[in-house]
Q: 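Here it is: the structure, laid out below.
One-based numbering along the sequence shown.
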Amino acid sequence: MHLDYKAELNPEQYDAVTTVDGPLLIIAGAGSGKTRVITYRIAYMLDKGVAQSAILALTFTNKAAREMAERVRHVTGKKLQNLTVSTFHSFGVKILRREIHRLGWRDNFSIYDEVDRTQLIKDCAREVGFRMDSFDPAKAGMVFSDVKTGRKTWTDDGDNYEKVYREYQAALKAYNAVDFDDLIGLPIRVFEAYPEARDTWRDQYRYIMIDEFQDTSLQQYRLMRLLAGDNICVVGDDDQSIYSWRGANYENIINFEKDWPQRKEITLYRNYRSTTTILDAANAVIQNNSSRKPKDLKSPHEGGAAIEAYLPANEVEEGEFIARAIKEIKLRDGLRYDQFGVLIRTNALTRFLEEGFLAAQIPYRVTGGTSFFQRKEIKDVISYLRAIANPDDDVNLIRVANVPRRGIGRRSLELLSEIARARGCSMRQAMQLVRSDHTVEFPERTRQDVDSFLSLLEFFREEMKGRRNLALKVRKLVDTIDYWGYLVAENQHSDKAAKWKFLNLESLIQGMDTWEKDPDNLDPTLYAWLNRISLITRDDQDEDEGGKVNLMTIHAAKGLEFDVVLIAGCEDGIIPHARALEEGDGNLEEERRLFYVAITRARKRLLISSCRQRRRNAMPVDCSPSPFLAEIPEELLSWREEEQPLSEDEAASAWSKVHAMFGSGASGPGG
């Protein structure tokens, strides 16, 4: 397949694709066709006779590596068995399979996942005589990771985990195992101690390309530095460096300039994604960062809708506003739900947005975090309510039978399940049989536990009948089962985690209270509430009718784009995040880069909301808009003071479009 590179690429992209020899730094602005450049550059090298086996392309996620390999296959029409497109960590495994024997491991080593690693850390702490009641394996794991990746040394930390770490390292070797951090650290050790091994790999991979270069850590840079000759191409955007908390170092671009002073540099500044309004806002914001390479993104999409900013009274109103805006824009512009991205700084902000989607019956998915209604503590209480509402709901009954622990453990549930199977009845009926019929074989002590569990469900089934005080009754249920005591027992190393989970339950109950007191709610019963939230747990909802709204953190949205982006919680203390600012001087610039990434996800429309008040620890606190909002030029912003419904003409026009699409079967609102 012959490619016409000049016709397919703009001048800067063409220059980047056809510069094959020598060090090359490509600064790729948001939406500037970075993946296209990498794909075509690999195709161009293959066209010029470079062997597949001589090319190494590194990126950050398995998904990105798969997509890149697929795109190269599609563009070239070739089978690419010998091309290496990989994540850094997968490439580390490839090196270690051939070289780890040099460090005293056997080639068939195991890679420990987080569960194996945590267990080994606990075992090692016991081995060196650590007091286990004061030992937090998760914290120790984070310290070990910081030491292995060079972010900390033991003298910096002054931590008494060093003895455990030495034991842990020795145990890994004894078990012929490595952990995730070793997949970069050990290849560096091999290459530094055995130059002949390094030279073998360097001779093979004569052309190296690294994607998302601003996200590389200092360790990944060291590995690349050991491996790369002069034919090294790195692609990145310092303005999108948002991962310093996991070791990424945007200064690697500066390190690259120092280590390869003869490099060529190309900036891709044409953004094919966003309107000029959105880009002008993004440029104006990011120019306030001093540690960056200057670039000014340009777009062929002239003009575009003004950026809408809204100041809702509180997070409940914010959720309602965002749901309403999505419905309006979807109808007015004929969009699908999956063309909307709702972006938040932290996963803690999902709850009221989800409430807003629920009330408006908007299907959504939470990406890069956990839906409020999928958090364990919330699912536990909802499972209790479902088991109370429906005596034959086996799934939810089994889920809460031993939460909090009450003696109905795995073995008891297996016995109950056998009885249910033998009698052809539900688990609830099997429990009632065990309670009332002592001829049914069952451990006597557990029989009493089953009896008290059934009594609890029966009591609350009576309690929950009627239309009043549902929230109060749910709070009483949470107190009766002593869920707080259960949380404390489950989170012994973190009082903060127990409190956070309990506050989530408080939040659920407050939401229920608001819902049942809504004058428009004509059926404030437990059954109606459960039906309402069942929308969330249906995985197939509306997939054929335009998918789901994407609700995600800004970090999770990097690399994605949406026709309409809504940034929620754009308040001082959230964007920029107060905790991030406490942790270091450079973090204000990283928080601004995060806001820049959020803005540049939008293709056509951008809406930003900032609450005047938000609840913190169940108390309303006054909020002020993010200082980053003030960095957007005033002429690009349109302030929405209140709800702006569709005018009658717009509504009629939108509905006539619907009629035209579906024939006369569609009816108007409320029909």
Q: Is a donor from one side chain sitting under 3.5 angstrom from an acceptor on the other, for Asn283 and Asp280?
A: no

Q: Could you check whether Arg292 pairs with Asp238 (Lys NZ or Arg NE/NH1/NH2 to Asp/Glu carboxylate O, under 4.0 Å)?
A: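 Not counted as a salt bridge, because no side-chain N and carboxylate O are separated by less than 4.0 Å.
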
Q: Any side-chain heavy atom of Thr277 sitting closer than 4.5 Å to one from Ile307?
A: yes

Q: For Ser624 and Glu571: C-alpha separation, side-chain torsions, deciding distance, then whether side-chain hydrogen bond (donor to acceptor under 3.5 Å, both in side chains) applies.
A: CA-CA 6 Å; Ser624 50; Glu571 295 135 38; over 6 Å; no

Q: So does Glu561 pair up with Arg603, basic N to acidic O under 4.0 Å?
A: yes

Q: Hey, is the main chain of Lys604 close enough, under 3.5 Å, to the side chain of Asp563 for a donor-acceptor pair?
A: no

Q: Looking at Asp259 and Arg225, does any basic side-chain N land under 4.0 Å from a carboxylate oxygen?
A: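 Yes, charged N to carboxylate O under 4.0 Å.
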
Q: Checking the side chain of Asp113 only, and the main-chain atoms of Asp116 only, is there a donor and an acceptor separated by less than 3.5 Å?
A: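 Yes, Asp113 side chain to Asp116 backbone: donor-acceptor pair under 3.5 Å.
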
Q: Strictly under 6.0 Å, is that where the ring centroids of Tyr14 and Tyr5 end up?
A: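 Not under 6.0 Å, so no.
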
Q: Run the salt-bridge test on Glu257 and Lys293 with the 4.0 Å N-O cut-off and return the result as yes or no.
A: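 Yes, this pair counts.
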
Q: If I take atom CD1 from residue Ile599 and atom CD1 from residue Ile278, how far apart are they, to the nearest 0.5 angstrom?
A: 9.5 Å

Q: Within a strict 4.5 Å, meaning less than it, do heavy atoms of the Met224 and Ile210 side chains meet?
A: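 Yes, close enough: below the 4.5 Å cut-off.
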
Q: I need the Lys496 NZ to Leu503 CG distance, nearest 0.5 Å.
A: 12.0 Å

Q: Begin from the C-alpha positions of Tyr205 and Leu58 and carry the test side chain to side chain contact (heavy atoms under 4.5 Å, CB included) through to its verdict.
A: CA-CA 12 Å; Tyr205 291 111; Leu58 292 172; over 6 Å; no

Q: Between Lys63 and Glu67, is there a salt bridge with N-O shorter than 4.0 Å?
A: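 A salt bridge is present here (some side-chain N lies under 4.0 Å from a carboxylate O).
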
Q: How long is the span from the OG1 atom in Thr216 to the CD1 atom in Ile253, to the nearest 0.5 Å?
A: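 So the OG1 of Thr216 and the CD1 of Ile253 are separated by 8.0 Å.
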
Q: For Tyr596 and Gln240, test the side chains for any donor-to-acceptor distance below 3.5 angstrom and give the result as yes or no.
A: no

Q: Closest approach of Leu227 and Phe91, non-hydrogen atoms and distance?
A: CD2-CE2, 3.4 Å

Q: Give a yes or no answer on whether the side chain of Asn10 reaches the backbone of Gln13 with a donor-acceptor pair at less than 3.5 Å.
A: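 Pair found, side chain donor or acceptor close to backbone of Gln13.
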
Q: Compute the ring centroids of Tyr165 and Trp154, then answer whether they are less than 6.0 Å apart.
A: yes

Q: Between Lys558 and Asp215 (salt bridge meaning N to carboxylate O under 4.0 Å), is one present in this structure?
A: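 Yes, Lys558 and Asp215 are salt-bridged.
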
Q: Is it the case that the side chains of Asn289 and Arg592 hold a donor-acceptor pair, with the cut-off being a distance below 3.5 Å and no angle test?
A: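 Distance-only check passes for Arg592 and Asn289.
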
Q: Looking only at heavy atoms, which two atoms of Tyr44 and Val20 are closest? And how far apart?
A: CD2-CG2, 3.6 Å

Q: Just by distance, do the side chain of Arg605 and the backbone of Leu566 share a donor-acceptor pair under 3.5 Å?
A: no

Q: Verify, without hydrogens or angle tests, whether Arg601 (side chain) and Val597 (backbone) share a donor-acceptor contact under 3.5 angstrom.
A: yes

Q: How are the rings of His89 and Phe180 set relative to one another: parallel (under 30°), tilted (30 to 60°) or perpendicular (over 60°)?
A: parallel

Q: As an exercise, state the distance from CZ of Phe321 to OG of Ser609, rounded to the nearest 0.5 Å.
A: 6.5 Å

Q: Looking at side-chain heavy atoms only, is the closest gap between Ile326 and Val342 below 4.5 Å?
A: yes

Q: Over all heavy atoms of both residues, which pair between Thr149 and Asp181 is shortest? Give the atoms and the distance, please.
A: CG2-OD1, 3.8 Å

Q: Keeping Ser32 on the side-chain end and Gly29 on the backbone end, is there a donor-acceptor pair under 3.5 Å?
A: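 Yes; judged by distance alone, with no hydrogens or angles, the pair exists.
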
Q: Can a salt bridge be assigned to the pair Arg270 and Glu12 using a cut-off of 4.0 Å between side-chain N and carboxylate O?
A: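 Salt bridge flag = yes for Glu12 with Arg270.
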
Q: So that I can tick it off, tell me whether Asp146 and Lys148 are bridged by a salt bridge, with the cut-off set at under 4.0 angstrom between side-chain N and carboxylate O.
A: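 Salt bridge between Lys148 and Asp146, a charged N being under 4.0 Å from a carboxylate O: no.
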
Q: Got Ser217 and Gln220 here, is their nearest side-chain heavy-atom distance under 4.5 Å?
A: yes

Q: With distance as the sole test, does Asn288 use its side chain to make a donor-acceptor pair with the main-chain N or O of Val285 at under 3.5 Å?
A: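 Yes, Asn288 side chain to Val285 backbone: donor-acceptor pair under 3.5 Å.
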
Q: Hey, could you give me the CD1/CG distance between Ile121 and Asp136, rounded to the nearest 0.5 Å?
A: 10.0 Å

Q: Any carboxylate oxygen within less than 4.0 angstrom of a Lys/Arg side-chain nitrogen, looking at Glu192 and Arg222?
A: yes

Q: Can you classify the ring geometry of Tyr243 versus His555 as parallel (below 30°), tilted (30 to 60°) or perpendicular (above 60°)?
A: tilted

Q: In this structure, are over 12 heavy atoms from other groups packed under 6.0 Å from Glu634 atom CD?
A: no

Q: For a quick test of reading the model, state the closest non-hydrogen atom pair linking Arg375 to Trp500 and the distance between them.
A: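 Looks like NH1-CZ2, 4.1 Å.
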
Q: Hey, does the side chain of Thr39 reach the backbone of Arg71 with a donor-acceptor pair shorter than 3.5 angstrom?
A: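 Judged by distance alone, no pair lies under 3.5 Å.
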
Q: Begin with the C-alpha distance, continue with both residues' side-chain angles, and end with the deciding distance and a verdict on side-chain hydrogen bond (donor to acceptor under 3.5 Å, both in side chains) for Tyr207 and Asp21.
A: CA-CA 8 Å; Tyr207 294 88; Asp21 295 313; 3.2 Å; yes

Q: Looking at Arg351 and Glu354, does any basic side-chain N land under 4.0 Å from a carboxylate oxygen?
A: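 Salt bridge between Arg351 and Glu354, a charged N being under 4.0 Å from a carboxylate O: no.
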
Q: May I ask you to say whether Asp237 pairs ionically with Lys295, meaning some side-chain N is under 4.0 Å from a carboxylate O?
A: yes

Q: How far apart are the C-alpha atoms of Thr59 and Met68, what are their side-chain angles, what is the distance that settles it, and do they pass the side chain to side chain contact (heavy atoms under 4.5 Å, CB included) test?
A: CA-CA 9 Å; Thr59 186; Met68 197 183 291; 4.2 Å; yes

Q: Say you draw a straight line from OG1 of Thr19 to CD1 of Ile26; how long is it, rounded to the nearest 0.5 Å?
A: 8.0 Å

Q: Ignoring hydrogens and geometry, is there a side-chain-to-backbone donor-acceptor pair from Glu212 to Gly236 under 3.5 Å?
A: no

Q: Between the side chains of Glu265 and Arg263, is the shortest nitrogen-to-carboxylate-oxygen separation below 4.0 Å, so that they form an ion pair?
A: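 Yes.
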
Q: Once the angle between the rings of Trp201 and Phe191 is folded into 0 to 90°, is it parallel (under 30°), tilted (30 to 60°) or perpendicular (over 60°)?
A: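 Tilted, since the angle between the ring planes falls between 30° and 60°.
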
Q: Within the side chain of Glu308, is there an N or O that forms a donor-acceptor pair under 3.5 Å with the backbone of Leu607?
A: no

Q: What is the ring orientation for Tyr221 with Trp260, classed by angle as parallel under 30°, tilted 30 to 60°, or perpendicular over 60°?
A: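 Tyr221 and Trp260: perpendicular rings.
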
Q: Determine the minimum heavy-atom distance between Leu349 and Gly569, stating which atoms define it.
A: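 Heavy atoms of Leu349 and Gly569 come nearest at CD1-CA, 4.4 Å.
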
Q: Would you confirm whether the ring centroid of Phe562 sits within less than 6.0 angstrom of the ring centroid of Phe340?
A: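 Ring-ring flag for Phe340/Phe562: false, centres at least 6.0 Å apart.
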
Q: Would you check, one step at a time, whether the test side chain to side chain contact (heavy atoms under 4.5 Å, CB included) holds for Val93 with Leu96?
A: CA-CA 5 Å; Val93 174; Leu96 292 178; 5.8 Å; no

Q: Which atom names give the shortest non-hydrogen contact between Leu24 and Ala16, and what distance separates them?
A: CD2-O, 3.6 Å

Q: Please tell me if the side chains of Leu311 and Pro625 come closer than 4.5 Å, counting only heavy atoms from C-beta onward.
A: yes

Q: Could you tell me if the side chain of Leu226 sits less than 4.5 Å from the side chain of Arg202, heavy atoms only?
A: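 They are not in contact (no side-chain heavy atoms under 4.5 Å apart), so the answer is no.
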
Q: Please test Leu268 against Ile27 for side chain to side chain contact (heavy atoms under 4.5 Å, CB included), starting from the C-alpha separation and ending with a verdict.
A: CA-CA 6 Å; Leu268 308 179; Ile27 301 293; over 6 Å; no

